[in-house]
Each structure stands twice: as structure tokens, then as C-alpha cells.
Amino acid sequence: MVETMRFSEFGLTTLKEVPSDAEIISHKLMLRAGLIRRLASGLFTWMPLGLRVLRKVEAVVREEMNRAGALELLMPAVQPAELWQESGRWDQYGPLLLRMSDRHSRDYCFGPTHEEVITDIARRELRSYKQLPINYYQIQTKFRDEIRPRFGVMRSREFIMKDAYSFDIDKQGMEASYQRMHSAYTAIFERLGLKFRVVDADSGEIGGSRSQEFHVLADSGEDAIAYSDADNYASNIETATTTPVAAGYPDAKEELQQVATPGVKTIEALCEFLKTDASRVLKTLIVDGTDGPVALLLRGDHELNAVKAQKMPGVVSPLTMASPEVIAKATGCGPGFVGPIGLGMPLFFDHATVGMSDFVCGANKKDMHYTGANFGRDLAIPTTVDLRNVVAGDPTPDGNGTLSIARGIEVGHIFQLGTKYSEAMSATVQDPEGKNQVMSMGCYGIGISRIVGAAIEQNHDEAGIIWPAPLAPFDVVLVPINLHRSEAVRTAADALYRELRERGLDVLLDDRDARPGVKFADAELIGIPHRLVISERGLAAGELEYRHRRESESRNLKREDALKLLE
RNA sequence: CGGCGUGUAGCGCAGCCUGGUAGCGCAUUUGCUUUGGGAGCAAAGGGUCGGGAGUUCGAAUCUCUCCACGCCGACCA
């Protein structure tokens with residue numbers, strides 16, 4: 001049966017008004033253009049038009065993965081708890097993991113990722129180093145019970161992901177496999193026509209050593225990335241570092257003084273109250289530690305970086321701010337008035353506190369702060385560590401460039417896992433000497449459904465979506481004017497429709513008995529790259545009116561020239 | 001998980017304060033007119049007013065409770 005590409009039979013309903021819960025542009029446009037419909041929080045149906053786009057993304061990903069030598073398979077979405085207990089993640093993963101049990105009260109989860117399953121496959125299938133390297137991948141529905149699903153398919157709970165897992169005999173092999181995926185990912189995002197950037201990243205829950213993220217650049221992105229074109233440095237803000245600008249400490253000019261600051265608990269309020277700047281305030285954050293609370297000290301205008309902080313010795317991970325009760329017990333005052341002077345707990349000072357003098361900090365007494373505090377006099381000069389988020393203008397780690405900050409949507413993430421899972425689950429092969437070796441793994445994800453949203457964030461205008469050609473649900477839309485009244489238009493439209501399809505193009509024929517304005521508006525909303533208008537007027541002149549979705553003016557072309565343009 | 005907010009026709013909303021048996025726009029259906037940028041006129045269909053309980057002669061409206069959804073926060077001294 002021939003696939004229907006006639007608008008009247010396509011079951012597409014577009015919306016003039018947007019459901020009020022849509023926040024970002026891609027979510028709004030996906031609903032208006034009829035790509036998706038929401039079922040429940042974080043759950044979406046892909047409607048026929050949206051599914052076509054999703055399939056196009058999959059096709060590109062699949063082609064490039066195959067080209068890179070990866071093997072496609074399909075694992076179950078539902079996974080037994082035993083495997084997760086074996087890797088230790090059943091207890092570690094937390095509420096993001098959707099757990100369930102069957103009629104025999106056996107525990108399962110809906111897979112948020114598949115390291116355990118693939119490692120189980122690998123330890124059963126792979127016996128010899130001769131079978132390596134090998135890279136398995138799948139395109140699968142995943143479920144993560146997100147704290148707060150939002151932005152449509154960008155942060156949904158159920159989503160489609162391409163995940164790949166490489167197995168090598170040793171670290172060198174793993175690094176080569178990783179590099180191959182790095183290249184494949186670069187090829188994928190280039191082919192999809194998206195502006196993206198590769199950045200260093202934290203490996204988080206998954207674990208392992210090296211990891212990099214692929215970000216589609218968009219202001220609505222949930223991640224901040226720090227980069228410098230001067231020396232090619234790029235990192236997620238979670239892991240971005242800078243060079244400590246190690247100045248000495250200026251001599252103290254002020255005396256240490258206690259001042260009453262009743263009810264002044266925030267840096268902002270403190271600056272207002274004391275008429276000073278946040279950069280002249282030392283802020284003290286108390287977090288839970290393995291042996292009681294720990295203090296983290298930052299310049300007042302800097303933000304704590306949780307990923308860095310939870311790596312400090314004695315700090316619990318994930319990072320948890322100490323409760324007011326704990327703070328009161330440890331400091332004798334409530335939150336808002338804590339300072340490092342005379343504070344009896346481990347102190348970690350951020351690099352950027354070096355060089356602070358005559359600063360303001362809490363006095364460890366309710367409603368009191370110190371002014372004129374100085375290192376070397378009021379408290380010892382500390383060794384400093386990296387605790388904060390970098391900010392625009394900071395030098396790059398090697399000091400050759402300056403950091404800029406951009407926002408991105410994480411669409412790909414590649415990891416060098418090493419032996420974390422293979423060791424826990426005894427995934428070994430025999431090496432040439434006949435000894436069992438634990439395999440080295442890599443894992444590589446691409447958010448298929450998220451890419452659709454990300455592409456729209458990057459490609460739209462007031463009228464609607466502007467698909468990059470490789471993602472477009474249709475290549476061409478035919479808009480016949482007065483189709484239902486003009487025999488000539490109908491004949492020409494049908495002929496053109498057949499001819500273009502024979503040439504292998506995805507053609508949408510807008511055969512609705514609607515006014516031209518309605519058809520134009522819908523064609524623009526759903527973002528088809530090429531538009532051909534067929535009218536009696538044009539036919540008389542042997543011409544078709546052509547307009548590319550990115551162009552603002554249409555032009556009349558001879559039929560043959562128009563066809564050539566679409567090749 | 002905490003704070004705030006919202007649930008009334010497929011979608012967007014009004015009505016709720018001050019209780020009296022539900023309305024507007026878009027969409028849908030029919031007819032006529034119109035036909036190159038989201039047409040006009042006329043008519044029609046479509047609602048357990050999120051669920052339950054209560055107050056009342058009477059509840060979309062007041063009270064309680066549950067549910068769903070959204071926004072903000074969970075980075076702060």
C-alpha cells in the first residue's frame with residue numbers, strides 16, 4: 001500500500017492557540033504543528049507528522065553507527081532487579097529509577113539505561129579477545145522518573161535514546177573505541193544540520209573516567225557550558241575549571257570589627273546593609289560531611305559548584321546543605337551569620353578567596369557579622385581548592401584564553417567507563433596468554449527524541465518550524481490554489497505529486513478545500529523546506545511558484561527548473 | 001520533597017468574590033456566499049463545571065478531602 005502523503009488523509013490537526021502549559025518555543029510549536037500530544041506528565045504520543053521526524057533522526061543515527069562498525073540489537077525495556085543489585089545501582093540510583101514488581105513479587109525496573117543488561121549479554125557472548133573490539137547499540141524507549149518533567153520532549157520521563165556500549169580487551173582499545181564514537185557523533189550532528197559543541201563533562205551516575213557531552217547550542221538550554229575558541233577549551237560548567245590567579249594578600253587596612261546586622265541573612269541583603277560589594281564578602285556554606293558538618297568558603301559573588309564540592313574529602317555525596325539545626329549546633333548561630341573565624345570544623349576555601357582582604361564574613365553570633373577581616377591576622381592563610389562555577393571572563397585552565405559561557409541542550413554523551421560494570425559483573429574474556437581479562441567498556445548515548453526539540457529551538461521563526469533538510473517530515477509541500485474548482489490545477493498538481501514521488505522525494509500534497517492563506521500558514525508552521533504553489537495563473541505561463549522556508553520572497557520558475565532545484 | 005497556583009466543550013478563556021440550574025472566542029458539522037496569506041452570514045452539535053463528601057430549599061460558586069496538572073525552589077548563609 002502506498003503511504004498517504006495527501007494532507008486531507010494525513011490526520012493532521014494544527015492549532016492556532018497553544019495549550020497553556022507549554023513554556024519553551026519548541027514545545028509550543030510541536031503542539032501547534034501536531035507533532036506530539038501529551039498523555040500525562042512527561043509522557044507524549046508522537047503523532048504521524050512528529051513520528052516522521054523522529055524516524056529521520058533515527059535513520060541518520062543508525063546509518064552513522066553502522067558505518068562506525070557498531071552492531072544494532074534490541075534489549076528489553078524492563079529489567080530484573082538482580083542485575084542492578086549485582087552492579088550495586090539498585091540502591092544507588094534513587095527515585096529516578098522506576099521500580100515495579102510482577103505477580104510473583106519479583107522486582108524489576110523500567111530501564112533508564114542499559115549498562116547492566118549489555119554487560120550481562122557481553123559476559124555470556126564474549127569468550128575471547130579475538131571477538132573484540134565490539135560495539136553494540138540499540139534505539140530504545142527509556143524511562144527516568146524525573147523530579148520535574150518539563151519543556152515537552154526535552155525533559156520528558158519516557159523518551160527515546162540511542163545507547164551504545166563498546167567492549168575492549170584493554171584501556172588502549174577502549175580509548176580507540178571512544179574516539180571512533182566521538183567521530184561518529186560529530187558526523188551525526190553535522191549531518192543533522194545542528195550547531196553544536198563538544199564539551200568535557202562529569203560522568204555522574206554512570207561512572208567512569210573520561211566523558212564528553214555534545215550540546216546543541218540554544219538559549220533555552222538547561223546546561224551552561226564554558227568555552228574558549230582561543231585554546232579550544234570547552235566544558236560543562238559542572239566541570240569547567242580556571243587558573244587560580246594567585247596574587248598575595250594585601251596588607252590589612254581595617255581593624256576586625258563586629259557589627260550588628262539584625263535579620264540580614266543573605267549576601268544581597270548584607271551588601272545593601274553594609275553598602276559593600278558581594279566580591280568583598282566571604283560566604284560560608286555548611287554542608288553535611290562524613291564526620292559532622294564541613295564549611296565551604298567562597299567569594300560572595302561566586303556560586304558553589306556541587307560537583308566539585310562533593311569530591312572534597314569528608315564531604316558527603318550527593319552534596320547536601322546542612323540543616324538549620326545542624327548549623328545551630330555546630331556554630332552557635334543560625335544560617336546567615338556563619339563565618340570561618342573560630343569555626344570548629346573542616347574548612348575548604350575556594351581559590352578565588354586568595355587575595356581577599358578587609359572582607360565581611362559572619363561572626364558566628366546571631367545578627368552579627370565581622371568587617372575588616374583579613375587572612376594572616378584574623379585567620380590562618382589557607383590552602384585553597386576549586387569549589388566554584390567559572391564565570392565569563394575567567395581565564396581558561398591553561399591560561400591562553402578567556403572563558404565565555406553559552407547555553408546548550410545535551411543531546412549526546414560519551415563515556416569511558418573502564419571496568420566499573422565489567423568488574424562488578426565479571427565480564428571477562430581470555431587474552432592471548434589464556435588468562436581472563438576484565439573487559440574495558442565505553443558507553444555512548446544520544447537523545448533521539450530530545451534532538452527533535454533541540455532542532456526546533458535552533459530553527460524557527462514567528463511563523464513556525466524551519467526544519468533542517470535531513471529532519472524534515474516532508475521535503476516538498478505542494479499548494480494548489482483553487483484545487484477544487486480548477487481542473488487544470490488539479491491535473492497539474494496530481495502530475496507533479498506523482499513525478500516528485502517517483503524521484504524519491506517525500507511530498508505533501510495539500511489537497512484540502514481550504515483557502516490559500518490557511519494552507520500557507522500550515523505549511524510554514526510545520527516547516528517543510530520547499531514549497532511549490534500551483535495556480536491557473538502560473539500554469540498559463542508554464543510556471544510554478546517556488547519558495548524555500550528560509551527565504552522571505554517566492555520566485556516563479558519554469559516547471560523544469562523547479563524540478564531541478566529539488567533534486 | 002517544599003512554596004505558590006490552576007482544573008468549566010477538542011483548544012484558549014469568562015462566570016466563582018456576592019449560591020438560583022453554564023457562557024465567549026477558536027475548532028467541528030450543515031447551508032449559502034467567498035477564493036493568493038489563518039474569509040463572511042445563518043444555523044447546529046458538543047459540558048458528570050477534576051473526583052468524593054458536606055452546608056443549603058438550591059452549589060461551577062461556600063466548606064472539607066482526595067486527585068491531576070503547572071510554575072518556582074531544592075545554590076546557600
Side-chain angles (χ1 to χ4, degrees), chain A residues 13-24 27-28 31-32 34 37-43 94-95 147-152 224 237-238 261 263-271 278 281-288 293 295-298 300-310 318-324 326-328 330-331 333-340 343 360-364 366-369 387-389 463-464 479-486 489 510 512-525 531 533-538 545 547 554 556:
Chain A
T13 32
T14 57
L15 266 36
K16 267 193 247 183
E17 285 170 307
V18 211
S20 53
D21 52 9
E23 260 210 289
I24 57 170
H27 189 193
K28 287 181 184 163
L31 289 168
R32 283 193 54 207
R37 294 292 181 236
R38 195 186 74 98
L39 176 66
S41 179
L43 302 176
I147 298 174
R148 196 176 151 201
R150 58 182 138 176
F151 304 147
I237 196 121
E238 289 183 343
T261 51
V264 180
K265 291 186 168 191
T266 65
I267 294 282
E268 199 187 348
L270 192 59
C271 290
V281 177
L282 184 70
K283 74 173 163 187
T284 309
L285 311 178
I286 311 295
V287 299
D288 290 341
L296 307 175
L297 297 108
L298 297 162
D301 57 335
H302 286 151
E303 282 183 351
L304 179 68
N305 178 303
V307 172
K308 295 173 183 175
Q310 69 200 16
L319 190 73
T320 322
M321 300 309 293
S323 65
V326 170
I327 295 175
T331 66
C333 68
F337 306 100
V338 182
L343 191 59
V360 176
C361 62
N364 298 323
K366 184 167 165 35
D367 294 338
M368 297 297 278
H369 279 82
L387 284 178
R388 69 176 173 101
N389 282 339
V479 182
I481 308 289
N482 285 333
L483 177 74
H484 293 262
R485 253 180 315 285
S486 166
V489 168
D510 195 343
R512 292 177 297 173
D513 185 12
R515 301 167 72 84
V518 174
K519 297 186 181 188
F520 292 150
D522 276 341
E524 279 152 22
L525 175 61
R531 184 183 83 186
V533 178
I534 303 148
S535 66
E536 286 202 313
R537 208 163 67 200
E545 180 188 298
R547 181 165 153 194
S554 55
N556 294 315

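Per chain, numbering begins at 1; letters A, B, ... match sequence-line order. A quick note: this is a predicted structure, and the numbers were derived from the prediction, not measured.
- Taking only side-chain atoms of A:I481, from C-beta outward, the nucleotide of B:C71, B:G36, B:G38 with the closest atom is B:G36.
- Within residues 302-310 of chain A, the residues approached by RNA chain B to less than 4.0 Å at the level of any non-hydrogen atom are A:E303, A:L304, in residue-number order.
- Legend: residues meeting salt bridge (charged side-chain N to carboxylate O under 4.0 Å, His left out) with A:D367, ordered by chain and number and at least two apart, are absent.
- If you check B:C75, B:G70, B:G38 against the side chain of A:V518, the one that comes closest is B:G38.
- When the C1' atom is compared between B:A60 and B:G15, the two are found 8 Å apart, to the nearest whole Å.
- Residue A:R32 places a side-chain atom within donor-acceptor reach of the base of B:G38, judged by atom type and a 3.5 Å distance cut-off alone.
- Judged by distance alone with a 3.5 Å cut-off, no donor-acceptor contact links the side chain of A:E23 to the base of B:G70.
- A:I327 comes within 4.0 angstrom of a base, heavy atoms only.
- A:R531 comes within 4.0 angstrom of a nucleotide base, judged by non-hydrogen atoms across all strands.
- B:G46 and B:U28 are spaced 9 Å apart, taking the C1' atom of each and rounding to whole Å.
- Below the 3.5 angstrom threshold, one finds no donor paired with an acceptor across the side chain of A:N482 and the base of B:G36.
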Run A:E536 and A:I481 through side chain to side chain contact (heavy atoms under 4.5 Å, CB included) and show every step you take. CA-CA 8 Å; A:E536 286 202 313; A:I481 308 289; over 6 Å; no
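- Of the P atoms belonging to B:U63 and B:A22, the separation is 23 Å, rounded to the nearest Å.
- Checking B:C76, B:G36, B:G70 against the side-chain heavy atoms of A:M321 singles out B:C76 as nearest.
- Set against B:U34, B:C76, B:C11, the side chain of A:R515 has B:U34 as its closest nucleotide.
- Here B:G70 presents its C1' atom at 16 Å from CD1 of A:I147, a figure rounded to the nearest Å.
- Looking at the side chain of A:R547, the nearest of the listed nucleotides B:G70, B:G37, B:U34 is B:G37.
- Between B:C26, B:G36, B:A77, one nucleotide has an atom nearer to the side chain of A:R537 than all others, and that is B:G36.
- Taking each heavy atom of A:R531 and A:E524 in turn, the nearest pair found is NH1-OE2, 3.3 Å.
- The listed nucleotides are B:G70, B:A77, B:G38; the one nearest the side chain of A:K16 is B:G38.
- With distances taken from any side-chain atom of A:I286 to the nucleotides B:G36, B:A77, B:G37, the minimum falls on B:A77.
- Between A:D522 and A:V18, the residue whose closest nucleotide on RNA chain B is further toward the 5' end is A:V18.
- Across B:U8 and B:C49, the matching C1' atoms stand 4 Å from one another, rounded to whole Å.
- Atom-to-atom, CG of A:L270 to P of B:A77 comes out at 10 Å; the value is rounded to the nearest Å.
- A residue-by-residue look at A:E17 and A:T266 shows that A:E17 has its nearest nucleotide of RNA chain B further toward the 5' end.
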